[in-house]
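Just below is one structure, and these are the notes that go with it.
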Amino acid sequence: MDKNKFYSVEKEINGKKYVAQFNGLSAALRAVDTTYIEGTSTTSTELFAQHILDNFIVEPKGLTADDFDTLEELNAVVKFGREVMQGKFRDAANQAAK
């Protein structure tokens, strides 16, 4: 059961520190399910990005797409948040905790 332990990961992107938190795989599944465009099977990139910023990027809090200077920077932060959301950094976090 230790695999499901929640954890945080810090990353610097364009000189700014971001902290993302793994909230369990059910939260990752929910992120996709809640960001579909109504009546379709297509995920909204805007809704998905905001969901990542609201639920997985824990520092700084309260970010929106308009807080970024470029789409590339926003995409880098959302990608980082998505990777943590999916458990990509779990092994590194477990090693750091030992």
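Side-chain atoms are counted along with the backbone in the values below, which use heavy atoms only and exclude waters and symmetry mates.
- Side-chain contact between F68 and L53: present, with at least one pair of heavy atoms (C-beta onward) separated by less than 4.5 Å.
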| said: Does F22 form a side chain to side chain contact (heavy atoms under 4.5 Å, CB included) with F89? I'd like the steps, not just the answer. | reply: CA-CA 9 Å; F22 176 75; F89 296 93; over 6 Å; no

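- Note: the hydrophobic cluster containing L74 also contains F48 (ILVMFWY, side chain heavy atoms under 4.5 Å, direct or indirect links).
- Between D67 atom CG and K16 atom NZ the span is 8.5 Å, to the nearest 0.5 Å.
- Of all the heavy atoms in G81 and I52, the pair that sits closest is CA-CG2, 3.8 Å.
- Linking ILVMFWY residues whenever their side-chain heavy atoms come closer than 4.5 Å, directly or via other members, places L25 and V9 in the same cluster.
- Screening residues 76-85 for salt bridge (Lys or Arg N to Asp or Glu O under 4.0 Å) gives K79-E83, E83-K88 as the qualifying pairs, with residues at least two apart or on separate chains.
- We find the CD-CG distance between Q50 and D54 to be 4.5 Å, quoted to the nearest 0.5 Å.
- A donor-acceptor pair under 3.5 Å is formed between the side chain of N23 and the backbone N or O of N55.
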Please list every donor-acceptor pair under 3.5 Å in which a side-chain atom of residues 56-66 meets a protein atom from a residue at least two apart or in another chain.
{"from": "E59", "atom 1": "OE1", "to": "K17", "atom 2": "NZ", "distance (Å)": "3.2"}
{"from": "T64", "atom 1": "OG1", "to": "D66", "atom 2": "N", "distance (Å)": "3.3"}

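- Between A49 and V78, the closest heavy-atom pair is CB-CG2, 3.8 Å.
- Between the OG1 atom in T35 and the NE2 atom in H51 there is a gap of 7.0 Å [rounded to 0.5 Å].
- M85 and L29 fall into different hydrophobic clusters, where Ile, Leu, Val, Met, Phe, Trp and Tyr side chains are chained together by heavy-atom contacts under 4.5 Å.
- Around atom CD of E46, no more than 12 heavy atoms belonging to other residues, nucleotides or ligands sit under 6.0 Å away.
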| said: Walk me through whether Y36 and L47 qualify under side chain to side chain contact (heavy atoms under 4.5 Å, CB included). | reply: CA-CA 8 Å; Y36 283 118; L47 292 175; over 6 Å; no

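- Hydrophobic cluster membership is shared by F80 and Y7, with clusters built from Ile, Leu, Val, Met, Phe, Trp and Tyr side chains linked at under 4.5 angstrom.
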